[in-house]
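Let me begin by presenting the structure, written as C-alpha cells, before commenting on it.
Bear in mind that the values here come from a model prediction, so they are computed numbers and not experimental data.
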Amino acid sequence: MSWLSNRDREVSSEDSNVLRDQRVEKLQSIREDGVEPYPYTFNRTREIADILEEFDGDLEEETKNHEKLAGRMVGFRDMGKACFLDLKDGSGELQGYTNVDLLGEDDYELLQALDIGDFIGVTGPIFVTNRGELSVKVKGFQLLSKSLMPLPEKWHGLKDVEKRYRQRYLDLLVNDEVKETFVARSKLISSFRRQLDDEGFLEVETPLMQPAAGGATAEPFVTHHNALEQDLYLRIAPELYLKRLVIGGMERVYELGKNFRNEGVSTEHNPEFTTVEIYQAYADYEDAMNLTERLIARGTEDAVGTSKLDVNGETLDLRPPWDRTSIVESVEKATGTSDLSETSAAELKSFAEEEGLDLPEEGDLSWGETVEFLFEEYVEDDLFQPTFITDFPTDVSPLAKTKRDGDRQLTERFEVFVGGLEVGNAFTELNDPLEQRERFSGQEDGETKDEDFLAALEYGMPPTAGIGIGLDRLLMAITGSDSIREVILFPAMRRKDE
RNA sequence: AGGUCCCUAGCUCAACCGGCAGAGCACUCGGCUCUUAACCGAGGGGUUUCGGGUUCAAGUCCCGAGGGACCUACCA
C-alpha cells in the first residue's frame, strides 16, 4: 500500500464511521472464511430486463434452464430460514428467493451476512412466487463485490440536490428517473449524429484551445501553454474553425462537443455545455430551419419515444412545420405597436421607459439591441411551442448575412425556441470578407477579431448556412427539467474543502 | 457579483416561546421457510456544516466563514 499517499490515508480515516467500520470488519471475516470478496469475473447468461421481457405475464412452472444473473443487492427481506432479495443490474430489477435448503447452511449464512449495496451473482431457475411475482430461485450465489458504504434509503431516494450532483453515482443508483434522463441524453446525441451522417455531413473536430476565442460574444476561460509561451482560450464556439473547413471544400460538416464560457451559472447556464454546430454549403437559413425541424423532431422521438410531449401538463408538439415569425413582427404583436423598423432607437427607448422597463444602464443601446431587449421582455417567456424567431437586427448579428431584399438593418438569422427555451441560433453566413472585417471593427467589446479567420474568408467561402443547437437546453425542454444541472451528469460545483 | 432562503444520524425528516437531540428506513443481536417500504423484540449510531458570541442553559438568538437552492445582472 506504499503507493497510497498520506492524503488518501487521512481522507479515508476521516471518512470512517461506525457503519463503515462494521462493514470493514465483515469484509475481513468473510475473507477469513475463505471467500474472496472481490473476485475477477462472473459469467452471467442474461440481463434482468431480458428475463422480465421473456416471462412478461405468465409462467406456469419454474424454468428448466438455470440462469446466471448478476447485480447489486438493493433489498433484502429475511424470514429466518428463507429470504427474498432484490437484485438490480443495469437493465432492471428482479426479486430472488432462496432458503437454507436450497443453499445449504454455510452459504445461506453468508448471504444473510451480506449488505444492501453488495454485488452478487446468482444461479437458478425463474419462477413465480405465490404472491405472483416473477423471481429467480437462488440455488447458488457468489459475492462479486463487497460495498463498504451504505446506500441512500431506497424508499425516499436521495433528495439533497447538492449530494445528488456531487455524488451522481448515488443519484443514478437510487433515483431511476435520473438514469432515464441520461439515457435520453445519450439517445438524443446519437440520433443527431445518425441523422447528420445520413444526410452526408462529416463529423469533424476543431480546437478546444484557441489563440483567439471567437464565434460568439462571451467571456472565455484563459489558460497558458508553457512550451509555446502563449495564452490560449477555451473555445466559446467552434464557428470560425468550421467555416474554415467550408472554405477548404468540406461542404457539409458538423461538430458535436463542448464549449466553455466563463460566466455566471444558473438554471440555464453551465460553464461547459454541449452544442452541435452544422455548416452546409449552398444552403441558406430557410434550409437551416427545415434541417433544424427535422433534427429536433426526430431526435426527440429517438430520445423520449415521441415528438408530442407532455411537459408539465401542456402538450409540446414538435412535429414540423414550426411557426416562423420575424423578431420585429413578434415584438409589434406583443406590444401592440407598428412600424418598428421605422422607429429610431431613441424612440424605442422612451417607449420602454414609459412601459416602466429597466433598460440596461451602460452605453447607448443601438436599434437592434433595443429590439432584442423588447423581444426578451415581451415575447421570449411566452414561447412554448417550437418557434423560429427570424430576421435579427444586423447590429446584434455580426456573422450573419443581411437580408437578400436589400434591408441592411436585418439579417437572415433565426433563433429557435422550444418549451420556452432558446435552443438554437442559425444564419445565412456572411461570406463577404470585406464586410465581415468591417462588422468586426464595428463591434465594441464583443466579438474577438480573429485575423486568421478573416484571411481565410478572403480565399472565398461559398454561400453557406450555419446552425448551432444547444443540446443541454434542448434536453431540458424535452424532459421538462427546470434546471440545466438535471441534464448534465456532473454540473459545475464549487470545490468543497473538508 | 448583489438579494432571499436552506444545512440536524448513512438516507428521509421531527424537535412549540431558548429547557435532557428524536422517528422511520439502513446497521447489529434475537425470532420467523413465499416476502415485497416484510413483520415482531432488543440495541448501537450525533462536533445539530464550521468558528466565535449572548445566556444558568443554544439545533433554536446574534456575528463571521464554508457549501447549496432560487431570483437579479453577464450569457446560450
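For the P atom pair drawn from B:A73 and B:A58, the interatomic distance equals 44 Å after rounding to whole Å. Nucleotides B:G43 and B:A38 have their P atoms positioned 23 Å apart, rounded to a whole Å. Across the C1' atoms, B:A9 and B:C25 are found 12 Å apart, a figure rounded to whole Å. For B:G10 and B:U4, the P atoms lie 32 Å apart once the distance is rounded to whole Å. Rounded to whole Å, the separation between the C1' atoms of B:C6 and B:G41 comes to 39 Å. For the P atoms, the distance linking B:U8 with B:U49 amounts to 6 Å, nearest Å. Distance noted for atom C1' between B:G22 and B:C61: 23 Å (whole Å). Spacing of P atoms, B:A69 relative to B:U12, comes out at 15 Å, to the nearest Å.
Within the model, atoms OH of A:Y241 and CD of A:E205 stand 14.5 Å from one another, a figure rounded to the nearest 0.5 Å.
Checked against B:U33, B:A69, B:A26, the side chain of A:A82 finds its nearest nucleotide in B:U33. Between B:A76, B:C34, B:G67, one nucleotide has an atom nearer to the side chain of A:R261 than all others, and that is B:A76. Checking B:C34, B:U12, B:C70 against the side-chain heavy atoms of A:R485 singles out B:C70 as nearest. Of all nucleotides listed (B:C34, B:A76, B:U33), B:C34 comes nearest to the side chain of A:T129. In the set B:U35, B:G24, B:G45, the nucleotide with an atom closest to the side chain of A:R131 is B:U35. Comparing B:A76, B:G67, B:A38 against the side chain of A:F273 picks out B:A76 as the nearest. Residue A:V161 has its side chain nearest to B:G68 when only B:G68, B:A76, B:C11 are considered. Taking only side-chain atoms of A:P150, from C-beta outward, the nucleotide of B:C11, B:U35, B:G10 with the closest atom is B:G10.
Residue-level contact check: A:E133 touches the bases, meaning some heavy atom is under 4.0 Å from a base atom. In this structure, A:E268 reaches the bases: a heavy-atom distance under 4.0 Å links it to at least one base atom across the strands shown. Looking at heavy-atom distances under 4.0 Å, A:G470 makes no contact with the nucleic acid at all. Among the heavy atoms of the strands lying under 4.0 Å from A:E422 are primed sugar atoms or P, OP1, OP2 only; no base atom is included. If you check every strand for non-hydrogen atoms under 4.0 Å, A:V423 touches nothing. Using a 4.0 Å heavy-atom criterion, one finds that A:R164 contacts no nucleic acid atom at all. Residue A:G75 is classed as having no contact, given no heavy-atom separation below 4.0 Å to the nucleic acid. When heavy atoms are screened at a 4.0 angstrom cut-off, A:N270 is found touching base atoms of the nucleic acid. As judged by a 4.0 angstrom heavy-atom cut-off over every strand, A:F127 is placed among the base-contacting residues.
Rounded to an integer number of Å, the gap from CD1 of A:I389 to P of B:A76 is 16 Å. Put simply, CG on A:L151 is 13 Å from C1' on B:C25, counting in whole angstrom units. Rounding to whole angstrom units, CG of residue A:L170 and P of B:C11 are separated by 9 Å. B:A76 atom P lies 17 Å from atom CD of A:E272, rounded to whole Å.
Remark: B:C16 base-pairs with no nucleotide in the shown strands. Criterion, Watson-Crick or G-U wobble with two distances under 3.5 Å. In this structure B:G59 sits in no base pair that meets the Watson-Crick or G-U test at under 3.5 Å. Base pairing of B:G64: its partner is B:C50, meeting the Watson-Crick or G-U wobble criterion (both donor-acceptor distances under 3.5 Å). Judged by Watson-Crick or G-U wobble contacts below 3.5 Å, the nucleotide B:C70 has B:G3 as its partner.
Distances shorter than 4.0 Å separate none of the side-chain N or O atoms of A:R77 from OP1 or OP2 on B:C34. Phosphate contact (OP1/OP2 of B:A65, side-chain N/O of A:R494, threshold under 4.0 Å): absent.
Of all heavy-atom pairs between A:T370 and A:K349, the closest is CG2-N, 4.3 Å. Across every non-hydrogen atom of A:P220 and A:A213, the tightest pair is CB-CB, 3.8 Å.
Classified by interplanar angle (parallel below 30°, tilted 30° to 60°, perpendicular above 60°), the ring pair A:F453/A:F440 is tilted. Aromatic ring pairs are classed by plane angle as parallel below 30°, tilted from 30° to 60° and perpendicular above 60°; the pair A:Y378 and A:F351 is tilted. Taking the six-membered ring where tryptophan is involved, the planes of A:F414 and A:F388 are perpendicular, since the angle between them exceeds 60° and thus also 30°.
With hydrogens and angles ignored, no donor-acceptor pair closer than 3.5 Å exists between the side chain of A:E153 and the base of B:G10.
Side chains of A:D450 and A:R244 form a contact here, defined as non-hydrogen atoms less than 4.5 Å apart. By the 4.5 Å heavy-atom criterion applied to side chains, A:V253 and A:E203 are not counted as neighbours.
Residue order along RNA chain B, read from the 5' end via each residue's closest nucleotide, puts A:D160 first among A:D160 and A:N130. With RNA chain B read from its 5' end, the first of the two nearest nucleotides for A:K163 and A:T267 is the one closest to A:K163.
Geometric assessment of A:R185 against the ring of A:F182 yields a negative cation-pi assignment under the 6.0 Å and 45° thresholds. For the pair A:R168 and A:F490, the cation does not sit on the ring face, since its NZ or CZ is not both under 6.0 Å from the ring centre and inside 45° of the axis. Cation-pi contact between A:K137 and A:Y97: absent, since separation from the ring centre below 6.0 Å together with deviation from the ring axis within 45° is not met.
Applying the 90° cutoff around 0 to the glycosidic angle, B:C56 is assigned anti.
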Under 3.5 Å between N/O atoms: give me all the protein pairs with nucleotides 27-29 of chain B, atom names plus distance.
unit_1, atom_1, unit_2, atom_2, d
B:C27, O2', A:Q22, OE1, 2.1
B:U28, OP1, A:K26, NZ, 2.3

